Amino acid sequence: MTSTHPTSEFKNKNVLVTGAGRGIGKRLALGFARLGARIGLISRSKAEIDLAHIEIEQAGGNALRIRADVTDHEQLTLAVDRSRAHFGSAVDILICAAGVTGPLTPFVQTAAKAWTDALQINLLGAVYSCRAVLPQMIERRSGKIVVLTCDADDIPKLNFSAYSTSKTALVRFVETVSAEVTDHNVQINCFDPGPAYTGLTDDII
């Protein structure tokens, strides 16, 4: 691959991105690809990751499309195995960007399934993703995980109970796991990208 940053520390690194078909996940995938990384694109939507894959390949990058649901631990484990087999190396960096707003209605008016579905995707999706890559990272004593969060320490917002609960719990999860893996030279951190226009913005509007 011809990279605009030939000395980039990400050149030929294996980067796995969940939620890579749109929004911030896609932007991060495209950005790391421009820096020479090999990108594993994970999404439930074939159409979205097909488009992301085309954009990366047309820019001279290297990407692999993997359809998987982050709420299914077995699918994520297989996704990690596919990435390793395709690129010939283990996952160096995991970016957990898959997320939904969840129901934007008062808690007492929200269907229980809609509420728990948001937790499944936002919280357990990241939990399962981390669980899929951490064993190999610990074994190699090398790896970085970035988990996207948002406004976890901000004042509560009306009608965001599922989203806020899942993202706040996610921060505590990352803090706890970080303490467990630091001696293995594995880093896991939260990242709040700040205001950004995405599909989630349309949902909120």
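Since this is a predicted model, take the numbers as computed values, not measurements. Side chains are part of it too, since the values below use all heavy atoms of this structure and drop only hydrogens, waters and symmetry mates.
No donor-acceptor pair closer than 3.5 Å links the side chain of R38 to the backbone N or O of G61. The backbone N or O of K113 lies less than 3.5 Å from a partner atom in the side chain of T116, making a donor-acceptor pair. With hydrogens and angles disregarded, a donor-acceptor distance shorter than 3.5 Å links the side chain of S166 to the backbone of Y163. In this structure, the side chain of T149 does not engage the main chain of C190 through any donor-acceptor pair within 3.5 Å. Side chain of K167 to main chain of L148: a donor-acceptor pair is present (N/O by atom type, distance under 3.5 Å, no hydrogens or angles).
For E57, the CD atom counts as densely surrounded, since its 6.0 Å shell holds more than 12 non-hydrogen atoms of other residues, nucleotides or ligands. For R140, the CZ atom is densely surrounded, since the number of other residues' heavy atoms within 6.0 Å is greater than 12.
The CZ atom of F107 sits 8.5 Å away from the OG1 atom of T165 when rounded to the nearest 0.5 Å. Taken to the nearest 0.5 Å, the OG atom of S43 stands 5.5 Å off from the CD1 atom of I49. Atoms NZ and CG, on K13 and L35 in that order, are 13.0 Å from each other to the nearest 0.5 Å. Once rounded to the nearest 0.5 Å, the distance linking CD1 of I66 with CG of L41 reads 8.0 Å. Separating the SG atom in C96 from the OH atom in Y128 is a distance of 13.5 Å, to the nearest 0.5 Å.
Nearest heavy atom pair, residue G102 against residue A118, reads CA-CB, 3.8 Å. Considering every non-hydrogen atom in both I39 and F87, the closest pair reads O-CZ, 3.6 Å. Among all heavy-atom pairs drawn from V177 and I188, the shortest one is C-CG2, 4.1 Å. Closest of all the heavy-atom pairs between L64 and H53 is N-CD2, 4.3 Å. The two residues L170 and N122 make their nearest non-hydrogen contact at CD2-O, 3.5 Å. G125 and L76 get closest at one heavy-atom pair: O-CD1, 4.1 Å.
For E74, the side chain to side chain contact (heavy atoms under 4.5 Å, CB included) partners are D72, not counting sequence neighbours.
Under 3.5 Å, the side chains of N14 and S83 contain a donor-acceptor pair of N or O atoms. With hydrogens and angles left out, the side-chain atoms of T18 and S129 include no donor and acceptor closer than 3.5 Å. Inspection of the Q75 and R67 side chains reveals no N or O donor paired with an N or O acceptor under 3.5 Å. Using a 3.5 Å distance cut-off with no hydrogens or angles, the side chains of S45 and R22 do not pair a donor with an acceptor.
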Discussion item. Quick one, Q136 with R84, criterion side chain to side chain contact (heavy atoms under 4.5 Å, CB included). Give me CA distance, side-chain angles, the key distance, then yes/no.
Written reply: CA-CA 10 Å; Q136 63 178 16; R84 185 171 191 163; 3.2 Å; yes
Worksheet item: L124 and T71: side chain to side chain contact (heavy atoms under 4.5 Å, CB included), yes or no, with the steps?
Response: CA-CA 6 Å; L124 293 183; T71 66; over 6 Å; no
Worksheet item: Do T110 and S161 pass the side chain to side chain contact (heavy atoms under 4.5 Å, CB included) test, and can you show the C-alpha distance, the side-chain angles, and the key distance before you say yes or no?
Response: CA-CA 10 Å; T110 300; S161 62; 5.6 Å; no
Item to complete: Walk me through it: do N189 and S178 pass the test side-chain hydrogen bond (donor to acceptor under 3.5 Å, both in side chains)?
Response: CA-CA 7 Å; N189 292 282; S178 176; 5.5 Å; no
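A 4.5 Å side-chain heavy-atom check between H184 and M137 finds every atom pair outside the cut-off. With a 4.5 Å cut-off on side-chain heavy atoms, V17 and I42 do not count as touching. With contacts defined as side-chain heavy-atom distances shorter than 4.5 Å, the pair V186/L134 qualifies. Looking at heavy atoms from C-beta onward, I145 lies out of side-chain contact with I93 at the 4.5 angstrom threshold. Between T105 and N159 the shortest side-chain heavy-atom distance does not fall below 4.5 Å. Residues K144 and D92 form no side-chain contact, since every pair of their non-hydrogen atoms from C-beta on lies 4.5 Å or further apart.
Residues V174 and I138 fall within the same hydrophobic cluster, defined by Ile, Leu, Val, Met, Phe, Trp and Tyr side chains chained together at heavy-atom separations under 4.5 Å. The hydrophobic clustering, which links ILVMFWY residues whose side-chain heavy atoms are closer than 4.5 Å, places F173 and L119 apart. Hydrophobic clustering keeps L28 apart from L51 (ILVMFWY residues linked when any side-chain heavy atoms are closer than 4.5 Å, directly or through intermediates). Under the 4.5 Å side-chain contact rule for hydrophobic residues, I121 and W115 do not share a cluster.
With salt bridges taken as basic N to acidic carboxylate O contacts below 4.0 Å, one links E55 and K26. Salt bridge present: R65 and D50 bring a charged side-chain N and a carboxylate O closer than 4.0 Å.
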